[in-house]
Colleague: 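Would you mind keeping the following structure in view while I ask a few things?
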Amino acid sequence: MMAKLEKNDKLKLSKKLLKIQKKGLVSFREYLEKEYFNAADDKTKKKYCRYIEDQIVDTDKKLRKMDKKIGEI
């Protein structure tokens, strides 16, 4: 039989999960920056650069939301 999780335990697990997800998003953003600088020199990759810029903006928004959630827990 599984032990009941207390509310405090659930909050700790939620916070830990959010921190792991945040670490993944930070790594993804670093990857996007590298790809952007690699593609920025090539004139044929303008659409790809715009896509990467949009992804960086979206990732930054997700990171801010995640920071807010982590602060609330």
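These numbers come from the heavy atoms of this one structure, side chains and all, not from hydrogens, waters or symmetry mates. Sequence positions, counted from 1, serve as the residue numbers for this chain.
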Colleague: Does Lys15 reach the side chain of Lys19, with side-chain heavy atoms less than 4.5 Å apart?
Modeller: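 Yes. Closest side-chain heavy atoms under 4.5 Å.
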
Colleague: How far does OG1 of Thr59 sit from NZ of Lys61, to the nearest 0.5 angstrom?
Modeller: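 Here the interatomic distance stands at 10.5 Å.
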
Colleague: Would you say the side chain of Lys68 lies within less than 4.5 Å of the side chain of Glu72, judging by non-hydrogen atoms?
Modeller: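 Yes; the side chains approach each other to less than 4.5 Å.
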
Colleague: Check whether any side-chain heavy atom of Lys47 lies under 4.5 Å from a side-chain heavy atom of Arg50, and answer yes or no.
Modeller: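 Lys47 vs Arg50: side chains touch.
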
Colleague: Any link between Val26 and Ile56 through a network of hydrophobic side chains (Ile, Leu, Val, Met, Phe, Trp, Tyr) touching at under 4.5 Å?
Modeller: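 No: no chain of side-chain contacts under 4.5 Å links Val26 to Ile56.
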
Colleague: Would you say Asp58 and Gln55 make side-chain contact, with heavy atoms under 4.5 Å?
Modeller: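 Sidechains of Gln55 and Asp58: in contact.
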
Colleague: So how far is it from Ser14 OG to Ile70 CD1, rounded to the nearest 0.5 Å?
Modeller: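 The OG atom of Ser14 sits 11.0 Å away from the CD1 atom of Ile70.
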
Colleague: Consider only side-chain heavy atoms of I, L, V, M, F, W and Y, link residues closer than 4.5 Å, and tell whether Tyr31 and Leu25 are in one cluster.
Modeller: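 Hydrophobic grouping puts Tyr31 apart from Leu25.
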
Colleague: If you compare all heavy atoms of Leu63 against all heavy atoms of Lys22, which two are closest, and at what distance to 0.1 Å?
Modeller: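 Residues Leu63 and Lys22, closest heavy atoms: CD2-CG, 3.8 Å.
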
Colleague: What's the separation between atom NZ in Lys12 and atom CD in Glu6, rounded to the nearest 0.5 Å?
Modeller: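 Result: 11.0 Å between the selected atoms.
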
Colleague: Please check if Phe28 and Tyr36 belong to a single hydrophobic cluster, counting links between Ile, Leu, Val, Met, Phe, Trp and Tyr side chain heavy atoms closer than 4.5 Å.
Modeller: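 Linked within one cluster.
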
